[in-house]
Amino acid sequence: MSQVPANLRYTKEHEWIRLEADGTATIGITDHAQAALGDVTFIDLPKVGKSFAAGEVFGTVESVKAASDLYSPVSAEIVEANTGLNDSPDLVNREPYGGAWMIRVKLKNPAEAAQLLDAAAYSATL
Amino acid sequence: MSETLARTPLYDLHAELGARLVPFAGWEMPVQYTGIIEEHMAVRKTAGLFDVSHMGEARIRGRDAAAFLDRIMTNELSTLKPGAARYTLMCQPDGGCVDDLIVYRFSETEFLICLNASNAQKDIAWMRSLIGTAKVEVLDECAAWAQLAIQGPLAEQILSLTTSLPLASIRRFGFLVGEVAGASGCVVSRTGYTGSAGFEIYLPAASATQVARALLAAGKPLGLIPAGLGARDSLRLEAGYPLYGHEISERISPIQAGLGWTVKFTKAQFVGREALRRQAEGGPPSSVVMFSLADRRIARQGAIVFAGDTAVGEVLSGTLSPVLNKPIGTALVAAGFTGSSELTVDIRGTRLPLHISVEPFVK
């Protein structure tokens, strides 16, 4: 029932990643994740320039019910964080694959992206 | 570890309404339908319908029923008139809370008590252990009753579409017994746990679905929506109502929780009287405060409260207030710091100033 766009890659922890033409990647959380969280109230995102290993916690998303860690799908350096979410965290509930992208990163090891789940494999985990 | 979760009579209706069900106090309960904030605001602006059938009920019956309740509860129940209800605590000898309850009086010798779901069986065993030679019976009626709460400024108007009971004649904490949506034997009381106007309805379990459907149908044009336990929690926190296991517990007494008004020292004897009296006179070691944060992060249960670098308390409940659009909560704070304007709370390593509020956030 939740949307799983075919052009993205996924983690079992419900992040999505989109590889861009310029060699960067955009990361957010899935429709399934936003539905499970409920009303999102706060997103804590890292500063530009910080680096994370694949699987490392890069931030926190908080809903009325609970706070959940955000895991970096790949080893990466932050190029941009979506500061617009500070003022409208509810965008995560409305546009999880669009306006509510969370970070843009430079991949440190592009081969890692191929290890992530495709849409069919992610859907099978839901 | 798995346990079998109990289901309320409205389980199938919840599924049909798209509820997200979660385990709560041994029950599979709807935490939300459309979203906690939307359901919360419906209760503040129009109305919400809650299934609270997980709550327990016990009937107290017998010649000594009123005296028995006076002896085991902190509030005075013998002065309650038939057709009226009263909020009370039931305490241990050390002053800790066994439970908080609402007691409904049907007649000179007959009462119904509403128990927290997580405490229901403990409460019934506790009450029975205190009967002694009193002429009173404690009957477990948890399975017999379902409970609905219709809450919000339009609750009375909506409920009136489904019953001929004279709702306007019911005062706060008053109740009538009669027919709602064709179901007889319903107890309709002007009580609630949201801080908005409304009613709680105790009804025979077999009638629950019929009554819930009738209320939802009658209320839909007026903005009534089903509401879950998530909104129930944020509503009660805005209104400053305690939740057992958070603001009151076996280790937090009614005096500490600011519920001294429910403790009647004018009664010569009741369980917990001496311990509570010492706390009331000498001041308790710690007290419950309400707070808000000027941030978006929620301080949740267990977060540590600091005065400078000294831990002086911990958060008991926390949520986002949809009405204030900022985090609110309660904390147990050591004596001497409950009025401090210098407290902070640690949220995942960040210390945020904690603003103590002496008034509930919504009245």
Practice item. May I ask you to name which of Val64(A), Asp44(A), Asn93(A) has the most heavy-atom pairs under 4.5 Å with chain B? Key: Val64(A)

Exercise for review: Over all heavy atoms of both residues, which pair between Ala67(A) and Arg348(B) is shortest? Give the atoms and the distance, please.
Suggested key: CB-NH1, 3.3 Å

Exercise for review: Step through the shown structure and confirm whether more than 12 heavy atoms of other residues, nucleotides or ligands are within 6.0 Å of CD on Glu342(B).
Suggested key: no

Revision key, fill the gap. When the 4.5 angstrom heavy-atom criterion is applied to Thr60(A) and chain B, the contacting part is side chain

Check your understanding: At a heavy-atom separation under 4.5 Å, does Arg297(B) approach chain A through its side chain, its backbone, both, or neither?
Key -> both

Point to revise | Candidate list Val31(B), Asp233(B), Thr319(B), test side chain to side chain contact (heavy atoms under 4.5 Å, CB included), partner Lys65(A), passing option | key: Val31(B)

Point to revise | More than 12 heavy atoms from other groups under 6.0 Å of CD on Gln3(A) | key: no

Review point. Counting only heavy atoms not in Lys108(A), do more than 12 fall under 6.0 Å of its NZ?
Key: yes

Exercise for review: Decide if atom CG of Asp309(B) counts as having more than 12 heavy atoms of other residues, nucleotides or ligands within a radius under 6.0 Å.
Suggested key: no

Check your understanding: Among Ile298(B), Ile36(B), Ile347(B), which has the most heavy-atom pairs under 4.5 Å with chain A?
Key -> Ile298(B)

**Study point:** Donor-acceptor under 3.5 Å (Arg296(B) side chain, Phe42(A) main chain)
**Key:** no

Point to revise | Spacing of Arg300(B) atom CZ and Glu62(A) atom CD [to the nearest 0.5 Å] | key: 4.5 Å

